[in-house]
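Here is the naming used below: chain letters follow the sequence lines, and residue numbers restart at 1 for every chain. The basis for the numbers below is simple: all heavy atoms, side chains too, and nothing from hydrogens, waters or symmetry mates.
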Amino acid sequence: MADLTTGLIALSAALAVGLTGIASAIAERQIGSAAVGAMAEKEELFGKALLLTVIPETIVIFGLAVALILLFVVLPGL
Amino acid sequence: MDDDNISYLNARVSAMKSKLLPLITYQKMLLMELPEITRYISEGEYHEDVTELAKSFRGVDLIEYALNLNLARTYQKLITISEGMLHELIVGYMQRWDISNIKAILRGLQSGTSEEEIAETLVPVGSLSFSYLLSLTRKDYESVKGELEKKKILPVGYESLQELETELDRRYYQDLIALADDVGEELLVSFLRREVDMRNIKIMLRLVHEGADFELIRKELLPSGNKVTPATCEKFKGLTFEEVVKKINGLYHDFELRPDEPLTIMEQDVDKQHILYGEKISHLHMFTPLMVLGFILRKYQEIVNLRLITRGKQLDIPPETIERMLVV
């Protein structure tokens, strides 16, 4: 039974990182292409564009945080 | 339309739009003398185009040709950087300049206008090359009409130029609206239908002002509109010019004409309000092709404005009159 719980927690951690990674990728694709488009006309937008492009990265960071909590807080407590 | 990378194009066009001249710049230019204006234009966004043509032209002509070159380059860029259905839409929308150039050539040839004068009215944008258009200005009306009919650019069987022009417009909007409909862009379809309404309103105003027969007005109207079409124009029958203006003002809640303005200003006001409407809805719906189409109209208007200022100054037209004619 303990093995099944460990497995499910590991799977949950993987899903948390994997799915948020995909979500970040979709958002960054849109923002990235818009940023490149804007920079093609106005090079000075590089700083702002870079910052806006990485904002969806927070989604995957939340996923990573959830995964780490599952693996290093929840799992050892069982 | 996700695959067409609309976010890339819209952001790029948005950046291009931010470089368009604001009203304050036009007002500044109106206070300048002609040489100052030409220098001001040649130092800004049009620098490259002016430098390239500086060997061949001088003064206002140089500015005029540089503006045309810039317009052609900007539109070419939009065609190059777009892809898929969005590309088709942009190319389709720009066919309006092919039509306007063909009309200008046919009208000019029919009325016996000189080659140079016809060439001045041409806009070097669209699928027909400028050199081809210039070669047409050197021929006579019948041979140009025959040649364009053979190439299937003009429909066959229209004797009067007026009917031919209406048919060209009708086909243009019909095809474009069908294309927008295929893409599933409802907002774009409604924008185009409103554009047809605006064109019909201008025709209605002009013809009613001239006291034309109502049947002629009905024949001139395009069918693809929303609220002013040959089928729905009955409500304008027998009305005076003032009553027509009043009726038109009741069509759209965000569209109003001032009845005390002269007809030419009123017509410009129709265009102006349509451009502003396009601007407004393109901001509300960021992921639609409206942003690009709105920019196409705005860029053309900038060229028209700059041409108005330079030519107006050359002819000593008072700055207040020129300012009233600007569309910003």
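Within a 6.0 Å radius of CE in B/Met94, more than 12 heavy atoms belonging to other residues, nucleotides or ligands are found. In B/Arg39, the CZ atom is not crowded: 12 or fewer heavy atoms of neighbouring residues, nucleotides or ligands sit closer than 6.0 Å. Within a 6.0 Å radius of CD in B/Glu186, other residues, nucleotides and ligands contribute 12 heavy atoms or fewer. Environment of CD1 in B/Ile24: sparse, with no more than 12 heavy atoms of neighbouring residues, nucleotides or ligands closer than 6.0 Å. More than 12 heavy atoms of other residues, nucleotides or ligands shown are found within 6.0 angstrom of OH on B/Tyr277.
When heavy atoms are compared at a cutoff of 4.5 Å, B/Lys17 does not approach chain A at all.
Residues of residues 32-51 of chain A that come closer than 4.5 Å to chain B, counting heavy atoms only, are A/Ser33, A/Ala34, A/Val36, A/Gly37, A/Ala38, A/Ala40, A/Glu41, A/Lys42, ordered by residue number.
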